[in-house]
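The model shown is predicted, which means the values in this text are computed figures rather than measured ones. Chain letters run A, B, ... following the sequence lines, proteins first, then strands; residues in each count from 1.
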Number of protein chains: 2
Amino acid sequence: MDPINIRQLAERLNLSVSTVSKAFRNSSEINSATRERVLAMARELNYQPNPAAASLRTQRSKTLAVIIPAIDNTFFVQALKGIETVAREKGFHVLIYLSYDDHENEVLLTQSLQRGRIDGVLLSIADGGKDLGHLAELGAKGIPVVYFDRVYENEEYFQVTSDDHQSGFAATEHLIGLGCCRIAHLTSDRTLSIATRRRQGYLDALKKQGIEPDAALQLACSNDPEQSYQAIRALLEKEKPDAVFSSFEKLALLCYQACHDLSLAIPEAIKIISFSNLEIAPLLRPSLSTVRQAASEIGAAATSILIAQIEQKPLPASRQVTFAASLQIHASTVAPG
Amino acid sequence: MDPINIRQLAERLNLSVSTVSKAFRNSSEINSATRERVLAMARELNYQPNPAAASLRTQRSKTLAVIIPAIDNTFFVQALKGIETVAREKGFHVLIYLSYDDHENEVLLTQSLQRGRIDGVLLSIADGGKDLGHLAELGAKGIPVVYFDRVYENEEYFQVTSDDHQSGFAATEHLIGLGCCRIAHLTSDRTLSIATRRRQGYLDALKKQGIEPDAALQLACSNDPEQSYQAIRALLEKEKPDAVFSSFEKLALLCYQACHDLSLAIPEAIKIISFSNLEIAPLLRPSLSTVRQAASEIGAAATSILIAQIEQKPLPASRQVTFAASLQIHASTVAPG
DNA sequence: TTGAAAGCGTTACCAC
DNA sequence: GTGGTAACGCTTTCAA
C-alpha cells in the first residue's frame, strides 16, 4: 500500500541500492540473473521508482508540454492523437495547455514552463500578430521547442507544417477550374503563418490564371463567431462571389450557415472549399469539399523530432518539415449540371 | 541562462536558503520587507523553483492525470476544457492519456501511473464489460480518483455524470409525443454505465406509455464504424422504425449516413435524436436533435472535487454528482406537416 | 524573524 | 559485477 523505495527493495534482495538501480536501467554491468531477481522482487513488492527523485537527479522528466490554441478543432485533436501516441511509445508523458487563441495566455503559459517539469515543448502559436519575445525566451532557457502548424517563423527552430501555400493554391485552382471567377477568401488572423501562406497560395493561383485579386472579396475575420458570421454574410450579399475558399474550418461552417440563411444554393449558386479536418464534412448537406491536413502525422513528426532533440539523436537535415495536404472534393464544389 | 537554484538566490540576497524558501511560500514567519526583496531578486535573476525537488520533498506534484477513451468526441473535448481551466486556476498541471476505448490500454495506463508523478486521476472508463480490478488497485495505491461520465460504479469513489437515465427517458418521451411507436435504440458497449442508464431511460419511457419494448429494435453496436453502419442499415431496412434514439453521437451520424443511403427522409419517414455535444449538429441537414450534456461543467466539477480531495478540503456530501442534460430540438425530430 | 541541517529517492561516480 | 556515497534542489523542523 505505502509505496516502497529502492532502498527497501535492495534490503529485501540483500543487494545494494546501486545494483538495484543499475538493474532497472539494465546496465550492462549487471549479471542478468540478478537483474531478473531484482525485477521479480520489484513486481512482487509493487515497486515503482519515484519520478521526482529520478528527475531531480537526471534533470530529465520524460515529460513534454503541448501548448495549442484550441481543442475544439479537429486539426488539433488529430495532431494531439499523433503526439500522444508517439510520446507514449517513447516513454514520454504529455502535459496539455490551452492558450485559447489568446496571446496573453500563451505568454503566461510559456513563462510558467519551468525547466525541470518538462523536457521539451510542442507549440502552435495563438496569435502571430503579437510580440513573440516569449518564444525567444523559451528557446533561450535551453528548452527544446518544436513548432507545428502555426509556427514561429524563425530559422532556429524546427517547424512542422502542411504545404499551406501549395494547398491554398490547389484549392483555388480547383475553383477556377470549375469556372469560378469571383472567388472570395476567408481567413482569420492574417498574421498567423498558416494564414499568410494559404492566402498567398490563393493570390498566386488567381494571378496565374490572370484573375485580378479583389480586396473586397478577401475577408479577415475575428475570433468572435457572431461578428464573423455577420461579416461573411455581408460579403456574400454585397459581393456575390461565385465561390469561397476558406482557410479555416470554423469560417467555412459560418459560411454554410450564412448561405443557408440567404438561401444561396451550394454548389449551384456558390461553391465552397475549406481547410478542414472535420471527419463529418461528408455528412454536411451538401457535403463539404476540404483541404485536409495530415494532422496526426504532423503531431507525430513534431513529437519525434522533439524527442530526438531531447535525447540528442539524429535530426532531420532541414528545420522545415512539411506534409502534403490533400484535396477532398465533395458536393460543395461540384460543377453544376 | 542556466537555471539558478534557491541556494544561489539566497547567496545573492545574503539570506539563508530556508528564509528564501519561506518567503516564496509566503510564510507568516517572514518579514514582508524581506519577502519583497526575495521576490524582486527572484524576478531579476529569473529564478524558478525546481518542481522535481519540491515534489520529492513534499510528495506532491501539482499534476493531475486525465485518462479518457477518446478525444475525437465532442463530449470529451469539452470536458477537457473544463478540466484544464479549473486545473490551471488552482495551479495544477494536466497530463493526458488516451485509452482509445481499449481496456488493455487503460489497464497499462493505470498501472504506469506512479505515485509521485501525479496527485490524482480523472478517469472515464474505456470498457465496462471487463474486469475493473485495475481501478480498485489504483484506489488501493492511495491515489485519489474521480470518475466522470463513464464511471466506475463503486460507492467508494466520486462519480460525476449526467442524469443519463432521465435524459434517455426524456428523449424517448419526446419521440413518443411526436406519435412515434416503433422507436429503435442505438447503443454501443452495453456494459458502460452510461449505456445501461440511457437505455433504461428508453425502456422506462416506453413502458410508461404502454409500448412493449421490442428487442429487434434495440441495437448494440461495436466500435468498428463499418460494422456498425451495416448493422444500423440492416435494422432500418428490416424493422422500419419510425424513430431512432441513439445513446452515442457516432452512431447517430452513421444512422444519418444510412438514412441518406436508403433515401429515408428525416424527419418525415424517420425521426432521429441522439446524445451528442456536437456543436455543428444544427448544421447537419436536417439539423440534428440532441441530448446535450453539460460537458465542460462535468469536467470542471470532477476536477474541483479531485483537487479538494488532494488538498483535504471540504467535499460534496454525496459521492454521486449529477448534471442535467438538455434536449435540443431541431429538424430531425419535428412533427411532419 | 532568521538560519542550520536533515532528509525526500534517485543516479552515477568511484572503489573494490 | 557489486557496493558505498555524494550529490540533485527543495522543504521543514528545530535552534538561535
Exercise for the section: Kindly compute the distance separating CZ (F323(B)) from CD (Q293(B)), expressed to the nearest 0.5 Å. Expected result: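 Going from CZ on F323(B) over to CD on Q293(B), the span is 11.5 Å.
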Practice task
With rounding to the nearest 0.5 Å, note down the distance linking OH in Y47(A) to CD1 in I4(A).
Solution key: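 Between atom OH of Y47(A) and atom CD1 of I4(A) there are 8.5 Å.
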Looking for any heavy atom pair under 4.0 Å, which part of the strands does [X] touch: base, sugar-phosphate only, or nothing?
| X | answer |
| --- | --- |
| P51(B) | nothing |
| T58(A) | sugar-phosphate |
| Y47(B) | sugar-phosphate |

Rounding to a whole Å, what distance do you find between [X]:[atom1] and [N]:[atom2]?
| X | N | atom1 | atom2 | result |
| --- | --- | --- | --- | --- |
| L13(A) | dG1(D) | CG | P | 18 Å |
| L56(A) | dA6(D) | CG | P | 17 Å |
| R25(A) | dT10(C) | CZ | C1' | 9 Å |
| K62(A) | dT10(C) | NZ | P | 17 Å |
| Q48(A) | dT10(C) | CD | P | 11 Å |
| N26(A) | dT2(D) | CG | P | 14 Å |
| Q8(A) | dG9(C) | CD | C1' | 10 Å |
| N5(A) | dT11(C) | CG | P | 12 Å |

Are [X] and [Y] close enough for a salt bridge, meaning some N to O gap below 4.0 Å?
| X | Y | answer |
| --- | --- | --- |
| D101(A) | R150(A) | yes |
| R35(A) | E29(A) | no |
| K141(B) | E137(B) | no |

Problem - dG9(D) OP1/OP2 closer than 4.0 Å to side-chain N/O of R57(A) - result: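 Checking R57(A) against dG9(D): no side-chain N or O falls below 4.0 Å of OP1 or OP2.
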Exercise for the section: Answer yes or no: does a side-chain N or O of N50(B) lie under 4.0 Å from OP1 or OP2 of dG9(D)? Expected result: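 Looking at the OP1 and OP2 atoms of dG9(D), neither is under 4.0 Å from any side-chain N or O of N50(B).
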Exercise for the section: Please tell me which of the listed nucleotides, dG9(C), dA12(C), dC10(D), lies nearest to the side chain of Q59(B)? Expected result: dG9(C)
Handout entry: R117(A) and S55(A) side chains, donor-acceptor separation under 3.5 Å
Key =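 Note: S55(A) and R117(A) side chains miss the donor-acceptor criterion.
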Exercise for the section: Measure centre to centre between the rings of F158(A) and Y152(A), then say whether the value is under 6.0 Å. Expected result: no
What does the list of N/O pairs under 3.5 Å between the protein and nucleotides 1-5 of chain C look like, with a distance for each?
from, atom 1, to, atom 2, distance (Å)
dT2(C), OP2, N31(B), N, 3.2
dT2(C), OP2, T34(B), OG1, 3.1
dT2(C), O4, E29(B), OE1, 3.4
dG3(C), OP2, S16(B), N, 2.8
dG3(C), OP2, S16(B), OG, 3.3
dG3(C), OP2, T19(B), OG1, 2.8
dG3(C), N7, S18(B), OG, 3.2
dG3(C), O6, K22(B), NZ, 2.5
dA4(C), N7, S18(B), OG, 3.3
dA4(C), N6, S18(B), OG, 3.2

